[in-house]
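Before any comments, here is the structure.
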2 protein chains.
Amino acid sequence: MKIDPNSTADLSAQIASAIRDAIVSGELIVDARLPSEAELADQFQVSRPTVREALKRLAAQSLIRTQRGATGGAFVNRLSFEEAYGQQITTSTLLLSMNEVSFDVACEARYAMERACAPLSAKRRTGDQLATMRAEIHRQSQPGLSDEAFCASDVTFHRALVDGAGNPVLSYQLAGAVEAMQPLMNMITFSERSRERIVALHTAITDALEARNPAQIEALLADLEAYTLKIAHEIAARRRAK
Amino acid sequence: MKIDPNSTADLSAQIASAIRDAIVSGELIVDARLPSEAELADQFQVSRPTVREALKRLAAQSLIRTQRGATGGAFVNRLSFEEAYGQQITTSTLLLSMNEVSFDVACEARYAMERACAPLSAKRRTGDQLATMRAEIHRQSQPGLSDEAFCASDVTFHRALVDGAGNPVLSYQLAGAVEAMQPLMNMITFSERSRERIVALHTAITDALEARNPAQIEALLADLEAYTLKIAHEIAARRRAK
DNA sequence: CGATTTTCATTTGTCTGACATTTGTGCTTG
DNA sequence: CAAGCACAAATGTCAGACAAATGAAAATCG
């Protein structure tokens with residue numbers, strides 16, 4: 001691990017990059033202990049605060065974890081699916097909120113990916129996942145439910161559908177789409193949409209999943225997408241009219 | 001922005017979290033300038049190195065950028081699709097390499113998502129994208145091409161297919177899948193696969209895309225998936241036999 | 001007066017040295 | 001032998017200082 005003395009970039013960024021490369025390349029394996037901060041400082045010929053800034057950068061990406069005490073130090077972290085989900089959701093949320101992504105584009109991407117799960121979910125869905133979905137549908141039918149709770153239930157429903165595919169990589173990839181976009185969509189459309197209609201579609205989707213009918217699931221998801229789009233366009237049109 | 005004095009977590013992590021929340025919630029908007037490090041240190045009642053560690057954590061997630069000099073400081077960064085791609089790829093690569101994800105699972109997820117692009121790509125693909133794909137196919141047909149170059153060309157080919165959907169959100173979501181998993185798959189299967197067969201499938205996919213035939217694209221992607229899986233299983237079986 | 005140069009204040013980047021806190025280890029002692 | 005204690009090592013935090021970059025204001029010159 002070496003850094004380029006001629007680079008103008010921050011030393012802490014260079015050091016972080018060097019260590020990251022060592023991890024990605026496999027030079028540092030999972031649970032390996034990095035040299036102590038003092039040793040790293042000596043090795044890179046910088047001060048300890050600079051090394052610490054580099055380590056914090058890596059910690060922010062869940063690449064390392066630190067432990068205090070005698071046998072402590074910085075260790076290469078096994079990036080869990082849970083941690084990766086979290087980062088994925090944060091990044092996706094910010095990406096959407098900062099880039100004026102049109103509703104149509106976000107909606108299209110989200111449903112395209114969700115439909116990709118349909119064949120797998122139809123094949124592998126468990127009773128647990130069906131039960132979760134039916135429970136959420138029941139909650140969504142309660143008259144007194146707040147908009148926030150309805151939205152949260154909606155997210156849980158769709159995640160159960162995605163998890164039904166039984167593929168953790170796919171679930172990870174979709175976490176960003178469902179958890180980041182669904183609230184965004186709900187925020188825009190919650191005032192106008194018909195809960196009855198959504199509950200009806202959710203019920204039909206669950207039935208199709210129970211019957212292991214992938215084509216039906218895909219068609220119903222397309223219906224849900226079309227309905228969501230229609231509501232959003234109506235709201236946009238009304239806003240323009242004013 | 002406040003931190004909990006009773007928390008046992010690192011101060012720099014708490015401060016980073018507080019600022020991150022302010023950004024995500026919209027309290028700090030894009031290009032807004034954060035208080036100077038000295039002011040933040042004063043505000044949170046911590047030292048400047050601690051504040052700096054917090055800021056480096058945020059910088060590692062591309063949430064802020066810093067600038068030196070009189071009018072410098074830390075600014076809320078507009079998270080670009082490019083930056084998000086990069087993070088997505090790093091995270092996906094590590095997730096796959098550290099979690100003993102089976103080849104089958106990764107392969108299934110990757111092709112499921114890519115097939116999700118097929119209908120949109122068939123509708124919107126441009127001449128440029130077709131040209132890119134044909135150029136890559138031509139490169140892949142060169143006899144003297146190294147395995148690394150063939151793999152890189154393969155990635156470019158599939159990215160052009162994905163970008164053909166004309167949906168940046170979808171492209172972003174798939175960046176992790178294609179750029180992280182494709183090299184992994186190539187690394188495993190490159191020794192046994194038939195380049196002729198892959199080139200033939202790529203050609204057929206490009207033809208189907210030119211003809212705007214989504215079902216055909218999906219079927220051919222399924223063929224490619226099946227072929228990749230078959231090779232991987234053969235290699236695994238041979239390894240077991242030894 | 002206008003253009004150029006100089007100075008200067010502000011801010012981040014880095015260093016030094018120190019102390020606090022945590023935690024495993026091994027020694028001491030009952 | 002076991003409980004407790006001192007110690008060492010490592011991270012977490014702090015204070016103060018200087019270096020370097022950079023834009024703005026002031027001074028200078030044609």
Side-chain angles (χ1 to χ4, degrees), chain A residues 1-20 22-23 28 31-77, chain B residues 1-20 22-23 28 31-77:
Chain A
M1 288 193 298
K2 287 278 155 51
I3 59 176
D4 175 14
N6 299 329
S7 170
T8 61
D10 291 359
L11 287 174
S12 68
Q14 291 181 58
I15 293 169
S17 194
I19 299 176
R20 181 166 30 242
I23 294 174
L28 287 168
D31 292 333
R33 182 179 173 281
L34 273 66
S36 73
E37 294 175 354
E39 285 170 324
L40 285 171
D42 201 56
Q43 188 175 324
F44 287 112
Q45 288 286 299
V46 298
S47 67
R48 196 158 80 92
T50 303
V51 167
R52 282 182 61 79
E53 287 178 13
L55 293 179
K56 295 312 162 199
R57 293 178 116 110
L58 299 174
Q61 296 181 304
S62 302
L63 281 171
I64 61 169
R65 60 178 187 278
T66 56
Q67 206 176 2
R68 294 176 72 166
T71 58
F75 299 84
V76 177
N77 190 37
Chain B
M1 288 193 300
K2 286 278 155 51
I3 59 176
D4 175 14
N6 299 328
S7 169
T8 61
D10 291 358
L11 287 173
S12 68
Q14 291 182 57
I15 292 169
S17 196
I19 298 175
R20 180 166 33 239
I23 294 175
L28 286 169
D31 291 333
R33 182 179 174 284
L34 273 66
S36 72
E37 294 175 356
E39 284 170 323
L40 285 171
D42 202 56
Q43 188 175 325
F44 286 112
Q45 289 286 295
V46 297
S47 67
R48 196 160 81 92
T50 303
V51 167
R52 282 182 61 79
E53 285 179 13
L55 294 179
K56 294 312 161 201
R57 293 177 116 109
L58 299 174
Q61 297 182 303
S62 303
L63 281 171
I64 62 169
R65 61 177 186 279
T66 56
Q67 206 177 1
R68 295 175 73 167
T71 58
F75 299 84
V76 177
N77 191 39

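Within every chain, numbering begins at 1; the chains are lettered A, B, ... in the order of the sequence lines, protein sequences first and strands thereafter.
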For chain A and DNA chain C, what are the first and last nucleotides along the strand, 5' to 3', with at least one atom under 4.0 angstrom from a heavy atom of the protein chain?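 The contacted stretch runs from C:dG13 to C:dG24.
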
Any salt bridge (Lys or Arg N to Asp or Glu O under 4.0 Å) pairs touching residues 6-19 of chain A, not counting sequence neighbours?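 For residues 6-19 of chain A: none.
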
With sequence neighbours left out, which residue pairs that include part of residues 32-45 of chain A fulfil the salt bridge (Lys or Arg N to Asp or Glu O under 4.0 Å) condition?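 Salt bridge (Lys or Arg N to Asp or Glu O under 4.0 Å) check on residues 32-45 of chain A returns A:Glu37-A:Arg48, A:Glu37-A:Arg52.
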
Check nucleotides 5-7 of chain D for protein N or O atoms closer than 3.5 Å to its own N or O atoms and list the pairs.
none

Looking only at non-hydrogen atoms, find the nearest pair between [X] and [Y] and report the distance.
X       : Y       : answer
A:Phe75 : A:Asp31 : CD2-O, 3.7 Å
B:Ile64 : B:Ala74 : CD1-CB, 4.2 Å
B:Pro35 : B:Leu40 : O-CD1, 3.6 Å

Would you give the length of the straight line joining atom [atom1] of [X] to atom [atom2] of [Y], rounded to the nearest 0.5 angstrom?
X      : Y       : atom1 : atom2 : answer
B:Asp4 : B:Ser17 : CG    : OG    : 11.0 Å
B:Lys2 : B:Gln43 : NZ    : CD    : 7.5 Å
B:Thr8 : B:Leu11 : OG1   : CG    : 10.5 Å

Quick one: does B:Ile15's side chain get under 4.5 Å of B:Val46's, heavy atoms only?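 In contact.
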
Identify, with sequence neighbours excluded, every residue that meets side-chain hydrogen bond (donor to acceptor under 3.5 Å, both in side chains) alongside B:Asn77.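 If we apply the side-chain hydrogen bond (donor to acceptor under 3.5 Å, both in side chains) test to B:Asn77, skipping adjacent residues, the hits are B:Arg65, B:Glu83.
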
Set of side-chain contact (heavy atoms from CB on, under 4.5 Å) partners for A:Ala32, sequence neighbours left out: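 Listed in chain order: A:Ile29, A:Val76.
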
Which residues share a side-chain contact (heavy atoms from CB on, under 4.5 Å) with B:Ala70, sequence neighbours left out: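 In terms of side-chain contact (heavy atoms from CB on, under 4.5 Å), with neighbours along the sequence ignored, B:Ala70 is linked to no residue.
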
How long is the line joining CD of B:Glu37 and P of D:dC14, in whole Å?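 About 14 Å, once rounded to whole Å.
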
Applying side chain to side chain donor-acceptor pair (under 3.5 Å), which residue pairs with at least one partner in residues 66-76 of chain B are found, sequence neighbours left out?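 For residues 66-76 of chain B, and leaving out neighbouring residues, there are no side chain to side chain donor-acceptor pair (under 3.5 Å) pairs at all.
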
Rounding to 10°, can you tell me the angle the first-five-pair axis of the helix from C:dC1-D:dG30 to C:dG30-D:dC1 makes with its last-five-pair axis?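 Between the axes fitted at each end of the helix from C:dC1-D:dG30 to C:dG30-D:dC1 lies an angle of 20°.
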
Residue-level proximity of residues 58-74 of chain A to DNA chain C when a heavy atom falls under 4.0 Å: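 When residues 58-74 of chain A is checked for heavy atoms under 4.0 Å from DNA chain C, the hits, listed by number, are A:Arg68, A:Gly69, A:Ala70, A:Thr71.
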
So which of residues 44-53 of chain B are in contact with DNA chain C, with a heavy-atom cut-off of under 4.0 Å?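 Going residue by residue through residues 44-53 of chain B, the ones with a heavy atom under 4.0 Å of DNA chain C turn out to be B:Arg48, B:Arg52.
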
Could you go step by step and tell me if A:Glu53 and A:Thr50 meet the side-chain contact (heavy atoms from CB on, under 4.5 Å) rule? CA-CA 5 Å; A:Glu53 287 178 13; A:Thr50 303; 5.5 Å; no

List the atom pairs, with distances to 0.1 Å, where a side-chain N or O of residues 55-63 of chain A and a protein N or O form a donor-acceptor pair under 3.5 Å, not counting sequence neighbours.
unit_1, atom_1, unit_2, atom_2, d
A:Arg57, NH1, A:Ser12, OG, 2.7
A:Gln61, OE1, A:Arg20, NH1, 2.3
A:Ser62, OG, A:Gln87, OE1, 3.3

